[in-house]
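Notes for the one structure printed next.
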Amino acid sequence: MAERILVIGAGMAGLCLALALAPTGREIVLVERDAAPPQESADQAFFDWNRRGVGHLRHSHAFLARLRNLIKDNHPALLARLLEAGCREIGFADMLPERLKAEYRPSPGDADMAVLTSRRTTLEWVIRDYAETLANVSIVNSAIVRSLVIEVVEEGQLRVVGLKGEVAGEPAEWRADAVIDAGGKNSQAIEQLIEAGAVIGEECEDCGILYYTRHYRLLPGLDEPPRNKAPGTGDLGFIKYGLFPGDNRCFSVTLAVPEIEMALRQNVVRPEVFDRICAMFPGIAPWTDAARAEPISKVFGMGDLKSRWRSLVAADQRATLGFFAVGDSLIRTNPLYGRGCSFAAIEAYILRDVLEETADPAARARLYDARVKAELTPYFDDMRSQDRASVRRAKNVQDPAYVAPLRARVMTSFLNDGIRIALRSDVALMRAALRDFHMIEPPGVWLKRPGNLAKVLGVWAKGRRRNADLYPPSPGPGRGEMMRGLGLGAEPVAG
Ligand SMILES: Cc1cc2nc3c(=O)[nH]c(=O)nc-3n(C[C@H](O)[C@H](O)[C@H](O)COP(=O)(O)OP(=O)(O)OC[C@H]3O[C@@H](n4cnc5c(N)ncnc54)[C@H](O)[C@@H]3O)c2cc1C
């Protein structure tokens, strides 16, 4: 008989699990606390879907190529539906700087280096709708899981056999061969296991930023502004920004503000301040200009962003049987890198392979843990070290007297005058680096290849003056200029 798998949550990880496991013939039941989405349109999902279970639902989202390709290869009909609903693919050629576009010749593999982007409500609405068409997948809506049903197999050995909770306020209990926690960052399932005696390790660190997103729609009859030389993303040390083209003539802008920028973070949530900041970035201003687009949302803010990794297999290799975690309940990452949904999908497909490979619950737990670590640790570590560097930089930017030590100056120059400028001068190098960005290849591998490193060093050695035409325009004002422009000092402005 086919195994019955219970999944806590029908968010991104729950849906990825449905996509990964349904074709194996297992019965997949997703237990979701929130109500089903409105069925009419992407706009209705955006404006009316009450999703208390996902606080970040209305923040900008994009799927990296790694996830987009998993969808394309395993569920091509879903990719078609996403595009039909208005989701956008930003391809390799679209991501090239203007001067490289002219000399670009497509190469095999380029077509699979596309970001899939739209409002998250649209992505989730379409994936959910598609998942429910899969024969052996069902979603129980308005059903909150209160606890795992745990058995003690022998001393120190736990097994999860089901879930208890409520459906529309009525008590409910579900039994299964395996339970997967896809309940997101606030899921309590792992806490319950720890209370029951499971040995679970955790590494956790602040990302050091807060996230602010506002959505806009192009005015009737107007198109997106022509791409100019100014980039749609930028990192000024005291603020980072990103433009996300969306579905159905929508787009969003996300600003990431370091935790220590108190005045900025307290004011950026005010729509007029958010829009004034957008007007200071040359790559964003033509989009948010009131003559071209109108806001369709308030400014959504989000804090408490963490990098967190939980290990469900103890040092003595013991693990709770019949239990797995996928998505943010297992690993949380800084949203800046746009990797959370790809992480969830990769974990879901690793779990599929493990469930197919062995029926032994202890072996399943160990294999899943080892393969997730092997695949995702390099990305996790890389993001965390970038976050630590950003936190240091944000602190230094606040101090006008700060002078970086020589080593730091050389490293910054290697990044800004070497790597970044070399990428802007060479399509092949850009292709190699974007494979890293899209999680097609582990972080940093491209730069270790001698040919690539030699090209970067060659560009760096030419120096700023001779490379002058390769530099992009300034991404925006300095800290003092922005603060003065906004009327912000060290303290937040009133009102
Ligand atoms: C601001 C922000 C921006 C991001 N941008 C990107 C991006 O651009 N690209 C990207 O790849 N990733 C992004 N991420 C990360 C990505 O959103 C998460 O990694 C992803 O949502 C994780 O999926 P999940 O299913 O684990 O959690 P969620 O998507 O949060 O889903 C959890 C689900 O479980 C349900 N649930 C929880 N508890 C219970 C319970 N007790 N009973 C029943 N149901 C329950 C919830 O209702 C919810 O539906 C971003 C994250 C944030 C915070």
Side-chain angles (χ1 to χ4, degrees), residues 6-18 29-37 49-68 70 90 115-121 123-124 127-128 139-148 163-167 172 174 179-192 207 209-213 233 242 244 246 252 254-256 300-308 310 325-348 376 379 383 437-439:
L6 278 175
V7 179
I8 306 173
M12 282 301 175
L15 295 175
C16 288
L17 281 160
V29 181
L30 280 64
V31 183
E32 168 56 48
R33 57 170 285 167
D34 288 337
W49 193 3
N50 186 0
R51 202 77 173 81
R52 286 182 54 214
V54 186
H56 51 290
L57 186 77
R58 289 177 178 83
H59 278 278
S60 304
H61 269 70
F63 289 175
L64 298 177
R66 181 75 178 265
L67 171 51
R68 177 256 180 204
L70 274 173
I90 315 280
V115 174
L116 191 65
T117 166
S118 88
R119 291 174 288 185
R120 167 159 166 167
T121 42
L123 290 164
E124 212 178 302
I127 300 175
R128 202 179 200 277
I139 303 180
V140 190
N141 294 304
S142 309
I144 187 148
V145 173
R146 297 282 181 206
S147 61
L148 304 169
L163 297 171
K164 276 188 187 171
E166 289 139 37
V167 181
W174 302 266
V179 168
I180 306 175
D181 179 15
K185 65 189 173 71
N186 297 323
S187 175
Q188 291 302 302
I190 288 178
E191 276 72 10
Q192 198 199 332
C207 297
I209 52 158
L210 289 95
Y211 231 62
Y212 301 90
T213 295
T233 57
F244 290 72
S252 61
T254 289
L255 305 178
F300 297 100
M302 178 126 199
D304 191 35
L305 300 173
K306 311 251 185 234
S307 298
R308 184 183 69 188
R310 279 146 157 195
V326 170
D328 283 5
S329 66
L330 184 70
I331 308 169
R332 286 177 70 185
T333 56
N334 186 339
L336 265 185
Y337 307 97
R339 286 179 169 166
C341 297
S342 295
F343 265 50
I346 291 165
E347 292 154 23
L376 297 178
Y379 297 101
M383 289 185 278
F437 167 81
H438 281 300
M439 295 183 73

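Order of listing sets the numbers, starting from 1, for every ligand and every atom in it.
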Shortest protein heavy-atom distance from atom 34 (O) of ligand 1, along with the residue and atom involved
G9 CA, 3.3 Å

Expected output: side-chain E347 to main-chain G327 donor-acceptor under 3.5 Å
yes

Number the atoms of ligand 1 from 1 as they appear, then name those within less than 4.0 Å of a heavy atom of A143, with their elements.
42 (N), 43 (C)

Does K164 have more than 12 heavy atoms from other residues, nucleotides or ligands lying within 6.0 Å of its NZ?
no

Near A13 (heavy-atom distance under 4.0 Å), the atoms of ligand 1 are 23 (O), 24 (P), 25 (O), 26 (O)

Look only at the side chain of R308 and the backbone of K185, and say whether a donor-acceptor pair between them is shorter than 3.5 Å.
yes

Using heavy atoms and a threshold below 4.0 Å, how should the contact between S187 and ligand 1 be classified: side chain, backbone, both, or neither?
neither

Less than 3.5 Å between some nitrogen or oxygen of H61 and one of ligand 1, yes or no?
yes

So which protein heavy atom does atom 31 (O) of ligand 1 come closest to, and at what separation?
G11 CA, 3.4 Å

Check whether any side-chain heavy atom of T117 lies under 4.5 Å from a side-chain heavy atom of R68, and answer yes or no.
no

Select one of side chain, backbone, both or neither to describe which atoms of E32 lie under 4.0 Å from any atom of ligand 1, heavy atoms only.
both

How close do R52 and D34 get, counting heavy atoms only, and between which atoms?
N-OD2, 3.2 Å

Measuring from atom CG of L163 to atom CD1 of I144, what distance do you get when rounded to the nearest 0.5 angstrom?
12.0 Å

N/O of V145 under 3.5 Å from N/O of ligand 1, yes or no?
yes

How close does the nearest protein non-hydrogen atom get to atom 30 (O) of ligand 1, and which residue and atom is it?
H56 CE1, 3.5 Å

Proximal ligand 1 atoms for A182, defined as those under 4.0 Å from one of its heavy atoms
25 (O), 32 (C), 33 (C), 34 (O)

Do S187 and S329 get their side chains close enough for a donor-acceptor pair, meaning under 3.5 Å?
no

How does R51 reach ligand 1, by side chain, by backbone, by both or by neither, if only non-hydrogen atoms under 4.0 Å count?
side chain

What's the shortest distance from atom 26 (O) of ligand 1 to any protein heavy atom, and which residue and atom give it?
D328 N, 2.9 Å

Of the side chain and backbone of V31, name the one, both, or neither that has a heavy atom under 4.0 Å from an atom of ligand 1.
backbone

For ligand 1, which atoms sit closer than 4.0 Å to a heavy atom of G327?
26 (O)

For P37, is there any backbone N or O sitting under 3.5 Å from a side-chain donor or acceptor partner on R51?
no

Contact atoms of ligand 1, heavy-atom distance to D34 under 4.0 Å:
47 (O)

Would you indicate which of R120, M302, M12 comes nearest to atom 21 (O) of ligand 1 when only heavy atoms are counted?
R120

Can you tell me which residue and heavy atom of the protein come closest to atom 5 (N) of ligand 1, and the distance to 0.1 Å?
S60 O, 3.3 Å

Within less than 4.0 angstrom of ligand 1, does Y211 place any heavy atom?
yes

Hey, what do you get for CZ (F437) to CZ (R66), rounding to the nearest 0.5 Å?
14.0 Å

Any idea which protein heavy atom is nearest atom 37 (C) of ligand 1, and the distance to it?
G183 O, 3.1 Å

Just by modelled atom types, is the H61 backbone N or O under 3.5 Å from a matching donor or acceptor in the R120 side chain?
no

Would I8 count as a polar contact of ligand 1, with the cut-off being nitrogen or oxygen pairs under 3.5 Å?
no

Under 4.0 Å from one or more heavy atoms of P335, ligand 1 contributes atoms 2 (C), 3 (C), 4 (C), 50 (C), 51 (C), 52 (C)

Between A35 and S142, the two heavy atoms sitting closest are CA-OG, 3.7 Å

With under 30° as parallel and over 60° as perpendicular, where do the rings of F343 and Y379 fit, or are they tilted in between?
perpendicular

Correct closest heavy-atom pair for N141 and A36 would be ND2-CB, 3.6 Å

Is the closest basic N to carboxylate O distance between R128 and E124 below 4.0 Å?
no

In terms of its nearest heavy atom to atom 9 (N) of ligand 1, the top option of A62, G340, C341 is A62

Nearest protein heavy atom to atom 27 (O) of ligand 1, by residue and atom, and its distance?
G184 CA, 3.4 Å

Which residue and non-hydrogen atom of the protein lie closest to atom 44 (N) of ligand 1, and at what distance in Å?
R33 N, 3.1 Å

